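This report refers to the structure that appears directly beneath it.
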Amino acid sequence: MTGPVLATFLERERVPVDAALERVTRVEGAHQVAEGVRYAVRGGGKRLRPVLVVAGYRAFTTTVPEPVYDLAAALELIHTYSLVHDDLPSMDDDPVRRGRPATHVRYGVAAATVAAAAMIPLSLQVAAVACRRLGLPPARRSQVLLPVFAAAGAGGMVGGQVMDLGAEGRELSVPELEDIHRRKTGALLGVAARLGAAAAGAGAQALDALQRYGAALGLAFQITDDILDVVGTTARLGKTVGRDDVLAKASFAGIEGVERARAHARREVEAAVAALRAGAIRSSELEALAHYAAERDR
Ligand code: GRG
């Protein structure tokens with residue numbers, strides 16, 4: 001799949017993903033919470049994680065039933081609440097997200113914090129209901145869901161965030177930075193394709209291969225994020241560029257320089273594609289998405 005075909009694929013896939021997000025965010029309860037949730041979720045974004053879930057499912061089946069999109073939406077909800085929390089003044093303090101005011105700028109810090117907190121149980125609920133609607137037996141449900149919970153938790157995304165905040169102003173080696181980002185960004189991206197494949201009934205060997213695929217893709221994605229923070233524009237990225245410098249954050253672009261960081265990202269893409277081959281997974285979509293992680297410009 002080449003650049004324009006991939007762009008069309010991503011545009012096409014985001015339609016049912018966005019529809020699923022609308023479906024699962026008809027949140028009951030306080031009006032203000034529901035507004036904050038919908039504002040954060042409707043902000044656009046590339047929808048890479050949910051598209052990876054669907055591509056992971058399709059690598060093992062031909063048709064994709066509606067609850068798979070709900071499962072994909074559950075992962076996007078986790079990603080979205082992490083962005084809302086990440087932008088808060090107590091964390092990265094960024095007023096812009098997805099090309100418009102961050103949720104706390106639009107609704108205030110307290111409302112944004114609460115809306116993001118509401119999305120934590122919502123994501124679990126949506127994922128559990130999707131598994132039930134797919135008719136997955138209990139043992140398979142655990143195999144589908146537990147790695148997602150682990151990726152979002154203290155050993156994954158939350159832990160990586162804490163390490164990232166703690167490292168501000170410190171010089172880091174490349175392996176130290178990789179360790180942070182394998183958790184902070186890589187864990188959730190890493191589990192996405194595996195989540196879809198597990199729901200489709202893939203075997204242990206394929207799931208292991210997809211875990212390795214996702215980890216390498218996640219790292220390629222983060223290295224590219226660091227590069228775009230230096231060479232990208234706020235208009236194209238929809239978030240403030242140059243934040244790593246302002247926050248004195250170590251970055252792959254800063255430590256390795258832009259060109260070596262690009263080569264580093266390409267090596268990770270090769271590792272991701274090699275993992276697919278090793279697991280005998282033939283999916284032009286997953287292969288293209290790995291390339292996209294490093295070649296994207298937004
Ligand atoms: C406080 C419970 C609690 C959890 C939050 C804040 C946090 C813990 C984790 C932050 C994790 C984080 C923000 C990682 C950044 C990952 C990253 C590169 C985000 C940008 O992803 P894109 O480019 O964004 O896919 P779009 O907008 O396209 O979806």
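Read the numbers this way: they start at 1 and go in the same order the structure lists the ligands and their atoms. Just so it is clear, the structure is predicted and the values come from calculations on it, not from any experiment.
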Item to check | Among Glu11, Arg14, His79, the one residue meeting side chain to side chain contact (heavy atoms under 4.5 Å, CB included) with Arg47 | outcome: Arg14
Next on the checklist: Tell me whether Arg49 forms a cation-pi arrangement with Phe221, defined as NZ or CZ under 6.0 Å from the six-membered ring centre and within 45 degrees of its axis.
Outcome noted: yes
Checklist entry - Under a 4.0 Å heavy-atom cut-off, which residues neighbour ligand 1? => result Gly45, Lys46, Arg49, His79, Ser82, Leu83, His85, Asp86, Met91, Arg98, Ile120, Met157, Val158, Gln161, Lys184, Thr185, Phe221, Gln222, Asp225
Item to check | Straight-line distance of Ile227 CD1 to Asp297 CG, nearest 0.5 Å | outcome: 12.5 Å
Checklist entry - Under a single-linkage definition using a 4.5 Å side-chain heavy-atom cutoff for Ile, Leu, Val, Met, Phe, Trp and Tyr, are Val5 and Leu10 assigned to the same hydrophobic cluster? => result yes
Item to check | Working for side-chain hydrogen bond (donor to acceptor under 3.5 Å, both in side chains), residues Tyr213 and Glu287 | outcome: CA-CA 9 Å; Tyr213 159 86; Glu287 204 166 309; over 6 Å; no
Item to check | Least distance between heavy atoms, Arg212 atom then Ala275 atom | outcome: CB-CB, 4.0 Å
